[in-house]
Amino acid sequence: SQQGEEDPQALSIQEGENATMNCSYKTSINNLQWYRQNSGRGLVHLILIRSNEREKHSGRLRVTLDTSKKSSSLLITASRAADTASYFCATDVRTSGSRLTFGEGTQLTVNP
Amino acid sequence: NAGVTQTPKFRVLKTGQSMTLLCAQDMNHEYMYWYRQDPGMGLRLIHYSVGEGTTAKGEVPDGYNVSRLKKQNFLLGLESAAPSQTSVYFCASSRRGALMNTEAFFGQGTRLTVV
């Protein structure tokens with residue numbers, strides 16, 4: 001079963017708007033990571049947030065982590081058409097050793 | 001600056017045929033992973049390796065074998081391909097394990113179709 005579950009499954013917005021994606025997970029984590037996948041390509045790491053952090057920024061990206069609710073959100077501000085991609089959260093899952101477990105992803109479409 | 005390279009990029013197999021997917025990384029990473037990606041199911045871990053000469057099973061290991069004879073290479077083998085193995089396969093590597101707060105680097109994927 002998937003550790004992380006993204007919500008929504010698909011999101012369509014206009015250029016310039018903000019996009020928010022959510023991720024929920026089931027077990028204790030050491031860190032949570034967000035990845036981006038352009039159509040037909042491999043995944044690219046965006047940002048990592050540790051379990052003792054609540055918020056992290058990187059450029060137009062803002063990630064929050066609420067360990068009490070076992071959830072995270074990824075906010076992309078001032079979206080661009082080039083942000084169109086699938087976004088995945090991944091967790092390390094303390095009981096699984098060295099593995100990253102991925103959710104099913106959110107497909108983001110940014111319309112020009 | 002190649003990163004993680006997968007070969008081949010595309011392959012069509014007949015049921016029962018065998019093949020090997022090659023993953024090579026030039027970042028001197030200890031950890032390597034094989035995932036498969038199917039529509040609506042995200043990425044599922046097949047096998048992984050925490051160092052040269054080691055391998056371990058992931059979530060969906062049945063029907064696959066792996067080897068890590070050299071640190072930079074991680075091979076995924078299908079001994080007798082089945083249509084259920086039609087998928088996009090991704091290799092990834094990381095400097096240390098996920099628990100150590102390190103990111104994973106992915107290859108571009110291999111699209112495999114079994115007919």
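Below, read A as the first sequence line, B as the second, and so on, with proteins coming before strands; counting in each chain starts at 1.
When heavy atoms are compared at a cutoff of 4.5 Å, Gln6(B) does not approach chain A at all.
What you find for Phe106(B) and Leu43(A) is that their closest heavy atoms are CB-O, 3.3 Å. The two residues Leu100(A) and Tyr35(B) make their nearest non-hydrogen contact at O-OH, 2.9 Å. Of all non-hydrogen atoms in Gln37(A) and Phe90(B), the two that sit nearest each other are NE2-CZ, 3.3 Å.
With a 4.5 Å cut-off on side-chain heavy atoms, Arg44(B) and Phe102(A) do not count as touching.
Note: the hydrophobic cluster containing Ile29(A) also contains Ile47(A) (ILVMFWY, side chain heavy atoms under 4.5 Å, direct or indirect links). Tyr48(B) and Leu76(B) end up in different hydrophobic clusters when Ile, Leu, Val, Met, Phe, Trp and Tyr side chains are linked at under 4.5 Å. In this structure, Met21(A) is a member of the same hydrophobic cluster as Ile49(A), with clusters built from ILVMFWY side-chain heavy atoms closer than 4.5 Å. Follow the hydrophobic side-chain contacts under 4.5 Å out from Trp34(B) and you reach Val60(B) in the same cluster. Residues Val66(B) and Leu78(B) share a hydrophobic cluster, clusters being chains of Ile/Leu/Val/Met/Phe/Trp/Tyr side chains in contact below 4.5 Å.
Tyr87(A) pairs by the ring pair (Phe, Tyr, Trp, His ring centres under 6.0 Å) definition with nothing, not counting sequence neighbours.
Within a 6.0 Å sphere centred on CD of Gln9(A), heavy atoms belonging to other residues, nucleotides or ligands number 12 at most. For Glu79(B), the CD atom counts as loosely surrounded, since its 6.0 Å shell holds 12 or fewer non-hydrogen atoms of other residues, nucleotides or ligands. The local environment of CZ in Arg80(A) is sparse, with at most 12 non-hydrogen atoms from other residues, nucleotides or ligands closer than 6.0 Å.
Annotation for Phe10(B): hydrophobic cluster partners, listed by chain and number, are none (ILVMFWY side-chain heavy atoms under 4.5 Å, direct or chained).
Among residues 13-22 of chain B, no residue has any heavy atom closer than 4.5 Å to a heavy atom of chain A. Within residues 107-115 of chain B, the residues having any heavy atom less than 4.5 Å from a heavy atom of chain A are, in residue-number order, Gly107(B), Gln108(B).
Rounded to the nearest 0.5 Å, atoms OG1 (Thr102(B)) and CG (Leu48(A)) are 8.0 Å apart.
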